[in-house]
Asks: 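A single structure is presented below for examination.
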Amino acid sequence: MTIQWVLIASFLYWELAVIVLFMLPFISSTVWKYILRFHLWEVVARKANTYFIVFLIVLILFFLDSIREMVKYSGKHSSHDYEAELQMHMKLFRSQRNYYIAGMAIFLSLVIYRLAALILTESDLIERNEESMKKAQESMQNLQNLTQKTKEVEVQTLPNEKFITELEKLSNELKNKENELKSVEQDMENLKIRNEQLSKDYKDLLEKMN
């Protein structure tokens with residue numbers, strides 16, 4: 001095996017190891033997000049798509065070269081010279097081996113790219129969901145406090161201008177908090193829908209790999 005095919009085969013084994021790590025259930029998407037977006041990767045991440053496309057093109061060129069070698073040696077048959085026929089079969093075997101190595105490397109590159117994108121998306125959705133939950137809890141707490149203040153104001157027996165102004169102010173704040181709570185509930189519903197879609201994409205990807 002020549003040096004370039006040794007490198008491609010090593011890359012294929014590395015891809016398999018990365019996919020196995022991605023599939024481990026005890027490593028959360030938040031941890032992967034921290035790893036994938038570590039500050040040392042920022043320079044590389046800016047041109048990650050360019051690097052990925054260039055490397056994918058190189059793999060495709062090797063893949064096409066292996067197909068050319070397969071076609072070249074599969075059409076040759078020499079029944080008179082056993083040694084030459086043996087050499088031809090060896091070259092055909094090598095071209096077929098290189099074909100599968102390059103093909104699997106291309107496929108797993110696309111799988112890793114898609115898995116990384118899904119993991120980062122899931123991590124972002126989890127963070128947004130946590131933020132929405134905090135906002136909802138704060139809104140509920142503020143709503144309870146405003147309701148309590150409204151009740152305290154209502155028990156006053158002597159109505160005056162200050163009382164009316166305070167009551168109107170509390171009423172307006174109560175409506176604003178109710179609108180904020182509805183907005184947060186809508187955001188949570190949207191996050192739930194996106195999370196379900198993300199889970200579906202995970203299942204579809206795993207079914208394609210199997």
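Note: hydrogens, waters and symmetry copies are ignored here, and every other heavy atom, side chains too, is used. The structure presented is a predicted model; accordingly, all values stated were derived computationally and were not measured.
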Asks: Hey, what do you get for CD1 (I106) to CD1 (I101), rounding to the nearest 0.5 Å?
Replies: 12.0 Å
Asks: Nearest 0.5 Å please: distance from the NE2 atom of H89 over to the CD atom of Q96.
Replies: 10.5 Å
Asks: Looking only at non-hydrogen atoms, find the nearest pair between A102 and L59 and report the distance.
Replies: CB-O, 4.3 Å
Asks: Run the side-chain contact (heavy atoms from CB on, under 4.5 Å) test on L64 and I60 for me, step by step, so that the C-alpha distance in whole Å, both residues' side-chain angles and the decisive distance to 0.1 Å come before the verdict.
Replies: CA-CA 6 Å; L64 295 176; I60 291 174; 4.2 Å; yes
Asks: Can you name the closest pair of heavy atoms from I8 and A105 and give their distance?
Replies: CG2-CB, 4.4 Å
Asks: Between atom CD1 of I57 and atom CD1 of I53, what is the distance when rounded to the nearest 0.5 Å?
Replies: 7.0 Å
Asks: Without swapping roles, check the side chain of N98 against the backbone of R94 for a donor-acceptor pair under 3.5 Å.
Replies: yes
Asks: Which heavy atom of S109 sits nearest to which heavy atom of F11, and what is that distance?
Replies: OG-CE2, 3.6 Å
Asks: Kindly give the heavy-atom pair with the smallest separation between S95 and S66, and that separation in Å.
Replies: O-CB, 3.8 Å
Asks: For the pair F52 and Y113, name the ring-plane relationship: parallel under 30°, tilted 30 to 60°, perpendicular over 60°.
Replies: parallel
Asks: Which value, rounded to the nearest 0.5 Å, describes the distance between L115 atom CG and E122 atom CD?
Replies: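 Here the interatomic distance stands at 11.0 Å.
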Asks: Should the ring pair F62 and W5 be called parallel, tilted or perpendicular, given that the plane angle runs from 0 to 90° and is split at 30 and 60?
Replies: perpendicular
Asks: As an exercise, state the distance from CZ of F107 to CG of L12, rounded to the nearest 0.5 Å.
Replies: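 The CZ atom of F107 sits 11.5 Å away from the CG atom of L12.
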Asks: Using side-chain contact (heavy atoms from CB on, under 4.5 Å), reason through L16 and V20 one step at a time and then give a plain yes or no.
Replies: CA-CA 6 Å; L16 291 171; V20 170; 5.5 Å; no
Asks: Report yes if the side chains of L110 and L56 come closer than 4.5 Å at any heavy-atom pair, otherwise no.
Replies: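 Sidechains of L56 and L110: in contact.
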Asks: Could you pull out the closest heavy-atom pair between M70 and L92, with the gap in Å?
Replies: O-CD1, 3.7 Å
Asks: Using a 4.5 Å cut-off on heavy atoms from C-beta on, say whether the side chain of L118 contacts that of R114.
Replies: yes
Asks: Can you name the nearest heavy-atom pair linking L108 to E15, along with the distance?
Replies: CB-OE1, 3.5 Å
Asks: If hydrophobic clusters are built from ILVMFWY residues whose side chains come within less than 4.5 Å, do I67 and F93 share one?
Replies: no
Asks: Applying the 4.5 Å side-chain criterion to the ILVMFWY set and letting contacts propagate, would V54 and F63 be lumped into a single cluster?
Replies: no
Asks: Working to the nearest 0.5 Å, report the span between CD1 of I119 and CZ of F22.
Replies: 4.5 Å
